[in-house]
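Here is the structure we will look at, set down as structure tokens.
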Amino acid sequence: MSEIRYNAPEKEKYWQKIWADKKLFNAPNDFTKPKYYVLEMFPYPSGNLHMGHVRNYTMGDVIARYKRAKGFNVLHPMGWDAFGMPAENAAQQHNVHPGEWTYQNIAKMRTQLQSMGFSLDWEREFATCDVEYYGKQQALFLEFLAAGLVDRKKSRVNWDPVDNTVLANEQVIDGKGWRSGALVEQRDLTQWFFKITDYAEELISALNDMDGWPDKVKLMQANWIGRSEGMELNFKLDNVAESVPDIAVEHESLKVYTTRPDTLFGASFMAISAGHPLAIAVAQTNAKASAFITECNKIGTTEEAIETAEKKGFDTGLTAVNPLDQNHKLPVYIANFVLMGYGTGAVFGCPAHDQRDLDFARKYKLSVTAVIAPEGMDLEDFNANSQQAYTDDGLHMNSGFMNGMNKTEAIEAVAQKLETQLLDGQPQGVRKVNYRLRDWGISRQRYWGCPIPVVHCDACGTVPVNKADLPVKLPDDVTFDKPGNPLDHHPTWKQVACPVCGKEATRETDTFDTFVDSSWYYARFADSHADKAVNRQAADYWLGVDQYIGGVEHAILHLLYSRFFNRAMQKCGYTGLSEPITNLFTQGMITHETYKDKNGQWLNPEMVLFGTEGEDRIAKHFETGENVAIGSVEKMSKSKKNVVDPTDFVTNFGADTARWFTISDSPPERDFLWTDAGVDGSYRFTQRIWRLVAENADGNILDLENIPENLGAQAASLRIMTHKSIKNVSQAIENLHFNVAIAQLYQLTNAISSFAAKADKKDAVAKFVLFEALTRLVQLFGPIMPHLAEECWQKLGFDNLAAEQAWPDFDEALTIDDTVSIAVQINGKKRDILTISKDATKDEIEAAAFKLDGVLRNIKDKTIVKKIIVPGRIVNIVVK
RNA sequence: GCGGAUGUGGUGGAACUGGUAGACACGCAAGACUUAAAAUCUUGUUUCCGUAUGGAAGUGGGGGUUCGAUUCCCCCCAUCCGCACCA
């Protein structure tokens with residue numbers, strides 16, 4: 001009898017060292033082999049590995065190990081998304097340099113990752129805050145700049161007037177600065193942009209060919225880009241001079257964008273954004289307008305804040321002339337719900353057919369005129385009282401030449417009319433495709449990011465840094481004792497000679513948005529130490545990413561930016577592909593119950609003891625014994641204290657249990673509920689496998705090609721189970737249905753256990769099928785619990801590594817059953833089950849079905865109306 | 001507010017293209033082993049009625065299509081993700 005307990009923490013270290021010494025997981029840049037690139041979204045180095053990371057990286061690792069066994073040259077790298085605000089916050093709070101804090105965190109997390117046994121190529125590791133990385137990023141930026149992909153323009157930021165600093169959206173809480181508590185204002189700053197809108201059409205149309213992406217992600221991106229077909233219409237303003245005496249000539253007309261020019265006869269007002277030039281012009285001579293704009297600017301910069309704010313408007317006193325009816329004058333409002341960044345920053349309001357316009361019209365007592373109505377609608381009542389806009393199609397009325405037309409016809413008719421109608425010598429309407437997508441603002445007024453490599457010179461303007469002078473390094477000697485950007489406060493850093501004229505000039509002190517860092521790291525991994533940003537030859541081999549795995553929260557921004565950035569790199573010759581990610585998978589979060597003590601304070605799960613009181617589960621405080629409230633299940637987070645630390649876990653249970661458990665029960669795309677009971681179950685299973693192998697392996701290796709004859713029923717059925725398992729587990733892993741693979745592995749284990757309990761272990765046939773089943777079992781769970789697999793592999797008698805074995809094949813004939821069970825229904829209700837040969841004909845099935853007790857009992861005195869017989873699937877007899 | 005998703009026993013979930021709902025696991029219950037506990041093994045476990053053969057209900061709620069719906073369509077509810085300076 002061998003040792004019964006498997007000491008996972010000890011054995012895992014042993015096998016990790018063997019793998020590392022053999023450099024088993026380093027991917028050679030051998031471009032002749034078939035490749036497979038599996039990548040998980042790299043982590044922000046917060047200093048603590050989270051169970052969410054463990055689950056994410058386990059999924060990737062299962063695929064990596066599986067594909068390696070399938071004969072692919074597998075690239076499975078790891079790096080660090082290392083720039084960003086948390087490091088600066090730590091610097092302020094704990095007086096530690098962001099770089100030091102970050103690299104310490106990386107060291108800690110690297111150790112944690114390594115303890116999980118992930119098959120990563122650590123020689124390719126880098127952090128985005130390495131000068132070697134961000135210097136290359138600066139070179140890319142300069143190329144993009146030269147290629148016309150970069151823009152510089154004004155944009156809104158949250159401004160904290162007390163701290164004199166720009167705030168991120170998450171730093172604005174209820175309209176106030178998170179540290180100062182001051183009321184946040186909006187300010188316009190001149191900032192750098194990537195011209196992602198130049199690619200709007202391509203980014204949306206390319207989605208059609210991206211079969212390896214989830215539909216929901218493609219849909220979200222398509223909606224985000226928001227292509228719409230409409231018209232730009234020019235409205236004459238007819239009383240500008242009286243209302244706004246000093247107004248400039250360019251404001252004598254107002255341009256709006258609309259997708260519904262057909263509703264123009266139902267228009268009742270114009271609305272312009274608070275940031276619209278006309279609004280600003282009006283505000284110069286109108287104090288009330290100015291006050292209203294100030295009020296609007298207190299709403300945050302997020303679309304959410306703008307759209308949920310109460311809709312308000314200010315009547316400028318100006319009127320616009322309806323292009324289709326010179327006598328129809330529309331009041332011009334400044335409105336807080338019109339976005340300056342979309343269309344022209346101005347709209348016409350047609351309350352009858354747009355809900356927001358209707359709400360606005362009712363609030364300011366503006367007229368409502370329906371121009372489309374379903375039959376039988378009480379028009380007078382609708383126009384006077386309805387709170388519900390009519391947005392469906394229908395025949396137009398009160399619309400002159402459009403009367404009787406449906407929406408499509410009317411839009412075409414009005415478009416043709418306005419295209420030929422002139423205002424000040426220009427067509428009054430122009431068809432226009434519009435996108436919701438805005439250019440990507442990349443300037444951040446922060447220290448811990450990649451410096452934007454440009455110089456501002458009084459004489460030469462804004463000029464790029466010379467390539468030879470890259471990288472522009474971040475200075476180390478910075479202080480965080482005052483708010484604002486330390487680069488701006490630095491005594492000498494920004495003083496530099498102009499790259500063009502050589503005179504004194506200043507560096508750009510803004511740094512890149514960290515999304516820039518994560519938009520090309522996948523390409524850097526192809527050759528992490530290349531002189532250029534991307535080694536084209538290596539990138540051509542490794543890209544696109546064959547399987548990218550990460551959270552859905554990145555479905556839009558990170559993934560859309562990466563798609564754009566890759567196209568920009570393609571334009572500059574760095575890559576050959578436009579789409580960097582071939583297959584995408586978005587996994588769910590890890591959740592856990594939450595606990596609160598009697599004072600409402602969150603409690604760590606370790607502080608809670610559980611019991612039952614009648615039917616109910618109850619919880620008590622570990623130390624005080626007081627009752628603890630069991631709260632809702634929430635995403636694991638420090639603030640709610642419902643976290644489980646992977647390091648503690650690995651010390652107690654081992655990495656294999658964590659790996660197994662985090663992908664076992666829930667489908668990977670769904671949230672995963674962490675429970676101690678589930679952990680115990682997984683841990684017991686590792687022990688059970690170990691016992692099963694230890695008790696049934698004698699160290700003799702059998703030739704699995706040499707199959708004995710006359711197996712007998714028991715042995716044959718175990719073989720069937722073994723081969724079905726190979727088939728199903730392979731398929732499940734290919735489809736990323738890890739939970740299904742695990743269910744199959746449980747079944748195989750159960751089958752082996754019950755066979756082993758009954759079998760005569762001296763019998764050659766029994767020996768063979770047992771050995772085959774155990775060998776395959778170990779190989780099949782190997783990608784999930786690689787350490788235990790090595791241990792079992794050794795126990796089975798092999799002197800090589802499980803991690804190096806080819807994936808097993810299966811015998812197709814063994815995976816097809818001879819008989820099938822077909823449910824037999826009477827009126828759609830199951831009444832019996834028919835077991836019959838899989839090749840049985842319709843007639844044979846019918847004959848057999850009518851002999852079944854359950855059928856006879858239920859059709860006794862009834863008339864048969866219909867018989868539905870689908871061989872292999874169902875029999876349904878309809879009776880009356 | 002807008003966009004995207006999810007909802008099945010006490011719990012996590014399975015179910016191929018519309019065809020046996022609840023695989024597998026957890027938990028629980030009973031039993032075996034043990035001085036005892038743990039571990040392990042065996043059996044049972046959707047709910048309700050019935051001793052049982054059996055029957056009825058049942059996949060968030062309400063409608064619909066169909067011989068047949070967890071699966072397709074419409075409406076509603078709840079929860080989660082994103083909303084451009086969190087990563």
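Sequence lines set the chain letters: A, B, ... in the order given, protein chains first and strands last, and positions in each chain run from 1.
In this structure, A:D392 places its CG atom 14 Å from P of B:C74, rounding to the nearest Å. A:Q747 has its CD atom 14 Å from the P atom of B:G22, to the nearest Å. In this entry the distance linking CG of A:L437 with C1' of B:A84 reads 9 Å, nearest Å. In this structure, A:F685 atom CZ and B:A25 atom P are separated by 9 Å, rounded to whole Å. As a whole-Å value, the separation of A:R831 CZ from B:G54 C1' is 10 Å. Atom CH2 in A:W674 sits about 17 Å away from atom C1' in B:G13, given to the nearest Å. Between A:F661 atom CZ and B:A25 atom P the separation is 15 Å, expressed in whole Å. With rounding to whole Å, A:Y561 atom OH is found 10 Å from B:C86 atom P.
Taking only distance into account, the side chain of A:E304 never meets the base of B:C2 through a donor-acceptor pair shorter than 3.5 Å. Counting atom types as modelled, A:Q191 pairs a side-chain N or O with a base atom of B:C85 as donor and acceptor under 3.5 Å. Side-chain atoms of A:E303 stay outside donor-acceptor range of the base of B:C83, with no qualifying N/O pair under 3.5 Å.
Between A:Y447 and A:N485 the shortest side-chain heavy-atom distance falls below 4.5 Å. The shortest distance between side-chain heavy atoms of A:I663 and A:N739 does not fall below 4.5 Å.
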Protein N or O to nucleotides 44-46 of chain B N or O, pairs below 3.5 Å:
none

Short N/O separations, protein against nucleotides 15-21 of chain B, under 3.5 angstrom:
| residue | atom | partner | partner atom | Å |
| --- | --- | --- | --- | --- |
| B:C16 | N4 | A:R873 | NH1 | 3.4 |
| B:U17 | O4 | A:R873 | NH2 | 2.5 |
| B:G19 | O2' | A:R873 | O | 3.3 |
| B:U20 | O4 | A:S821 | O | 3.4 |

Can you check nucleotides 37-43 of chain B for protein contacts, nitrogen or oxygen pairs under 3.5 Å, and list what you find?
none

Which letter, B, S or -, goes with each nucleotide of nucleotides 3-8 of chain B from 5' to 3', with contact meaning a protein heavy atom under 4.0 Å?
SS-SS-
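The side chain of A:S666 sits closest to B:G12 out of B:G55, B:C85, B:G12. In the set B:A87, B:C24, B:C85, B:C24 carries the atom at the smallest distance from any side-chain atom of A:A743. With B:G12, B:A87, B:A57 as the choices, the nucleotide that has an atom nearest any side-chain atom of A:M85 turns out to be B:A87.
For A:N858 and A:Y746, each mapped to the nucleotide of RNA chain B holding its nearest heavy atom, the one lying further toward the 5' end belongs to A:Y746. Mapping A:R446 and A:N739 onto RNA chain B via the closest heavy atom, the residue that lands nearer the 5' end is A:N739.
Using a 4.0 Å cut-off on heavy atoms, the residues of residues 510-521 of chain A that approach RNA chain B are A:T514, A:F515, listed by number.
For the side chain to side chain donor-acceptor pair (under 3.5 Å) with A:Q191, the lone residue among A:R156, A:K153, A:R444, A:Q445 that qualifies is A:Q445.
At a cut-off of 3.5 Å, with distance as the only test, no side-chain donor of A:E170 or A:W178 sits close to an acceptor on the other residue. A donor-acceptor pair shorter than 3.5 Å cannot be found between the side chains of A:D163 and A:S180.
Using a 4.0 Å heavy-atom cutoff across all strands shown, A:A555 reaches no nucleic acid atom at all. Within 4.0 Å (heavy atoms only), A:P667 reaches sugar-phosphate atoms of the nucleic acid but no base atom.
B:C2 and B:U8 have their P atoms separated by 26 Å, with the value rounded to a whole Å. Atom name P, nucleotides B:U42 and B:C26: the rounded distance is 12 Å, in whole Å. Taking atom C1' in both B:G9 and B:A25, one finds a spacing of 14 Å when rounded to whole Å.
For A:W660, the ring-ring contact (aromatic ring centres under 6.0 Å, His included) partners two or more places apart in sequence, or in a different chain, are A:F685, A:Y746.
A salt bridge links A:K867 with A:E846; the closest basic N to acidic carboxylate O contact falls under 4.0 Å.
As the counterpart of B:G7, B:C77 is assigned, both hydrogen-bonding distances of the Watson-Crick or G-U wobble pattern falling under 3.5 Å.
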